[in-house]
Undergrad: 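Below is the structure I would like to discuss, written out as structure tokens.
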Amino acid sequence: MEGLLASLQGAVGQGVLWGIMVLGVYITFRLMDIADLTVDGSFALGACVCAVLVVNKQADPVAALFAAAFAGMLAGAATGILHTVFEIPAILAGILTQISLWSINLRIMGGKSNLPLLKVRTLISGFVDQTGLTQAQASMLIGILVAAIVIAFLYWFFGTEIGSAMRATGNNEDMVRALGVNTKMTKLLALMLSNGLVGLSGALVCQSQKYGDVGSGTGAIVIGLASIVIGEVLMGKLLSFYWKLISVVVGSVIYFAIRALVLRMGMNANDMKLLSAVIVALALCVPVVLSRYRLAREYTEGGEDGC
């Protein structure tokens, strides 16, 4: 029982930290209706930048987080320029940036695929030393704090004029363009903001796991989509934008909790990619099946009443 609780604590901690990445995916996938595959590369970019700054440059861990977020914004800008200026489809622009980031991340890491942070002070290890909490508990508390700050910022930002223009671009681009809004700029800003959050999440996960890896972002987009859909299924009736942002992080926590429980039950870790795909597929299919069932039931009941 203690082992299960420890696993769940670790899952909640990782879920909150990854939830910041999911917030970035939510901006492009839900608000802007853009399929951005830069995420896998920009997540690893944030982790690599953070690891190199903390280990090789002896930088402050908090400053490393800001640097990682800025690096993610640059990655998002690259995708945005390819998509808006050169009119490359968003999905292809994201793939091109993601592929190039693999080589860039290796160069940032000095040719190494992995860089440990065991002997350096990080934000989370420093918090552990000061409070006496476990690594999982420290990750959870710091993750909740950062996620709350990010959610509050996004709630404020998307209430501003430029934020409202970005949301309107995702809803009806033609109408917004007719009103004189530069939709190319709103898309570019959205991609930069999204990947900035993804890079920040990668840096936090790097400091939590005590290593940076060029492959750490593999499958991040799948985790993001799964978390978004899970959150929407559980909290979809809450109409407030603020609660929609919270549901994204809650979905991430639940996703990692499911993974932890499945691993505790003895599932092979190599099958986790398959599990992720199944979770996404089920989360996407169940609402459609339920909707069709309700329509069929209403049609049948209506026919019987008519007879």
Undergrad: Taking C-beta and beyond as the side chain, do F158 and S164 meet within less than 4.5 Å on heavy atoms?
TA: no

Undergrad: Among Ile, Leu, Val, Met, Phe, Trp and Tyr joined by side-chain contacts under 4.5 Å, find the other residues sharing a cluster with I149 and list them by chain and number.
TA: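 Under the 4.5 Å side-chain rule, I149 groups with L145.
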
Undergrad: Could you pull out all donor-acceptor pairs under 3.5 Å where a side-chain atom in residues 217-236 meets a protein atom, sequence neighbours excluded?
TA:
unit_1	atom_1	unit_2	atom_2	d
T218	OG1	G215	O	3.0
S227	OG	I223	O	2.8
E232	OE1	R30	NE	3.3
E232	OE1	R30	NH2	2.8
E232	OE2	R30	NE	2.6

Undergrad: For a quick test of reading the model, state the closest non-hydrogen atom pair linking S194 to G24 and the distance between them.
TA: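 For S194 and G24, the tightest heavy-atom pair comes out as OG-O, 2.5 Å.
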
Undergrad: Identify the heavy atoms of G19 and V249 that sit nearest to each other, and give their distance.
TA: O-CG2, 4.2 Å

Undergrad: What pairs with T28 under side chain to side chain donor-acceptor pair (under 3.5 Å), at least two apart in sequence or on another chain?
TA: none

Undergrad: With sequence neighbours excluded, tell me which residues meet side chain to side chain donor-acceptor pair (under 3.5 Å) with T97.
TA: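 Once residues adjacent in sequence are excluded, the partners of T97 under the side chain to side chain donor-acceptor pair (under 3.5 Å) criterion are T79.
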
Undergrad: For the backbone of L204 and the side chain of S208, can you confirm whether one donor and one acceptor N or O come within less than 3.5 Å of each other?
TA: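 Checked: no pair found.
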
Undergrad: Closer than 3.5 angstrom, by distance alone: can the side chain of S201 be matched with the main-chain N or O of L197 as a donor-acceptor pair?
TA: no

Undergrad: For the CG atom on D33, are there more than 12 heavy atoms of other groups (residues, nucleotides or ligands in this structure) within a distance under 6.0 Å?
TA: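 It does not: D33 CG has 12 such atoms or fewer within range.
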
Undergrad: Exactly one of I20, V248, L245, V146 should register a side-chain contact (heavy atoms from CB on, under 4.5 Å) with I151. Which one does?
TA: L245

Undergrad: Under 4.5 Å between side-chain heavy atoms, counting indirect links through other Ile/Leu/Val/Met/Phe/Trp/Tyr residues: same cluster for F29 and V288 or not?
TA: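 Hydrophobic grouping puts F29 apart from V288.
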
Undergrad: Listed by chain and number, what are the side chain to side chain contact (heavy atoms under 4.5 Å, CB included) partners of A260, not counting sequence neighbours?
TA: A11

Undergrad: Locate the shortest heavy-atom distance separating Q207 from I124; write the atom from each residue and the value.
TA: C-CD1, 4.1 Å

Undergrad: How long is the span from the NZ atom in K119 to the NZ atom in K210, to the nearest 0.5 Å?
TA: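 One finds 13.0 Å between NZ of K119 and NZ of K210.
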
Undergrad: Please round to the nearest 0.5 Å and tell me the distance separating atom SG of C206 and atom CG of L53.
TA: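 Answer rounded to 0.5 Å: 10.0 Å.
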
Undergrad: Using a 3.5 Å cut-off and no angle test, enumerate the donor-acceptor pairs between side-chain atoms of residues 86-95 and protein atoms at least two apart in sequence or in another chain.
TA:
none

Undergrad: Where the side chain of S42 meets the backbone of V39, is there a donor-acceptor pair that is under 3.5 Å apart?
TA: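 Confirmed, S42 side chain pairs with V39 backbone.
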
Undergrad: Flag yes if more than 12 heavy atoms outside F153 fall under 6.0 Å of its CZ atom; otherwise flag no.
TA: yes

Undergrad: Please determine, by modelled atom types, if N195 and D36 share a side-chain donor-acceptor pair under 3.5 angstrom.
TA: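 Side chains of N195 and D36: pair found under 3.5 Å.
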
Undergrad: Mind checking whether L8 and L261 have side chains closer than 4.5 Å, heavy atoms only?
TA: yes

Undergrad: So, using salt bridge (charged side-chain N to carboxylate O under 4.0 Å, His left out) as the criterion, who are the partners of R177 when residues are at least two apart?
TA: E173, D174

Undergrad: Considering residues at least two apart in sequence or located in another chain, which fulfil the ring-ring contact (aromatic ring centres under 6.0 Å, His included) criterion with F256?
TA: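 Residues passing ring-ring contact (aromatic ring centres under 6.0 Å, His included) with F256: W18.
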
Undergrad: Is it the case that one hydrophobic cluster holds both L200 and L101, taking links as side-chain heavy atoms less than 4.5 Å apart, direct or via other members?
TA: no

Undergrad: What verdict does the side-chain contact (heavy atoms from CB on, under 4.5 Å) test give for V85 and K184, after you've listed the backbone C-alpha separation in whole Å, the side-chain angles of each residue and the deciding distance to 0.1 Å?
TA: CA-CA 8 Å; V85 177; K184 290 185 177 181; over 6 Å; no

Undergrad: Ignoring hydrogens, what is the shortest heavy-atom contact between A77 and L188? Give both atom names and the distance.
TA: O-CD1, 3.7 Å

Undergrad: Distance check, rounded to the nearest 0.5 Å: C50 atom SG versus L45 atom CG?
TA: 11.0 Å

Undergrad: K112 and L106: which non-hydrogen atoms are nearest, and at how many Å?
TA: O-CD2, 3.8 Å

Undergrad: Please determine if R167 forms a cation-pi arrangement with F241, meaning its NZ or CZ atom is less than 6.0 Å from the six-membered ring centre and no more than 45° off the ring axis.
TA: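 Cation-pi check for R167 and F241: passes.
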
Undergrad: Measure the spacing between CD of Q9 and CG of L133 and express it to the nearest 0.5 Å.
TA: 9.5 Å

Undergrad: For the hydrophobic clusters of this structure (ILVMFWY residues joined by side-chain heavy atoms under 4.5 Å, transitively), does one cluster hold both L189 and L23?
TA: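 Yes; tracing contacts between hydrophobic side chains, which count when under 4.5 Å, links both residues.
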
Undergrad: Treating Ile, Leu, Val, Met, Phe, Trp and Tyr as nodes and any side-chain heavy-atom pair under 4.5 angstrom as an edge, say whether V205 and I108 lie in one connected cluster.
TA: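 They do not share one cluster, since no chain of ILVMFWY contacts under 4.5 Å joins V205 to I108.
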
Undergrad: Got a sec, which residues hit side chain to side chain donor-acceptor pair (under 3.5 Å) with Q209, two or more places apart in sequence or on another chain?
TA: Q14, Y211

Undergrad: Looking only at heavy atoms, what is the nearest atom pair of Q98 and T38, with distance?
TA: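 Minimum heavy-atom contact is CB-CA, 4.4 Å.
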
Undergrad: May I have the list of side-chain donor-acceptor pairs in residues 56-76 shorter than 3.5 Å, sequence neighbours left out?
TA:
unit_1	atom_1	unit_2	atom_2	d
Q58	NE2	V55	O	2.8
D60	OD2	V62	N	3.0
D60	OD2	A63	N	3.3

Undergrad: In Å and rounded to the nearest 0.5 Å, what is the OG to OH distance from S247 to Y26?
TA: 6.5 Å

Undergrad: From K244 NZ over to L31 CG, what is the distance, rounded to the nearest 0.5 angstrom?
TA: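 Between atom NZ of K244 and atom CG of L31 there are 9.0 Å.
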
Undergrad: Would you kindly say whether T122 and S125 are connected by a side-chain donor-acceptor distance under 3.5 Å?
TA: yes

Undergrad: Can you list the residues that meet the side chain to side chain contact (heavy atoms under 4.5 Å, CB included) rule with V16, with sequence neighbours excluded?
TA: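 V12, I144, A147, V253.
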
Undergrad: Residues two or more places apart in sequence or in another chain: which of them pass side chain to side chain donor-acceptor pair (under 3.5 Å) with D271?
TA: none

Undergrad: Count I, L, V, M, F, W, Y as connected when their side-chain heavy atoms are under 4.5 Å apart, and connections chain through other members. Are V289 and L282 then in the same cluster?
TA: no

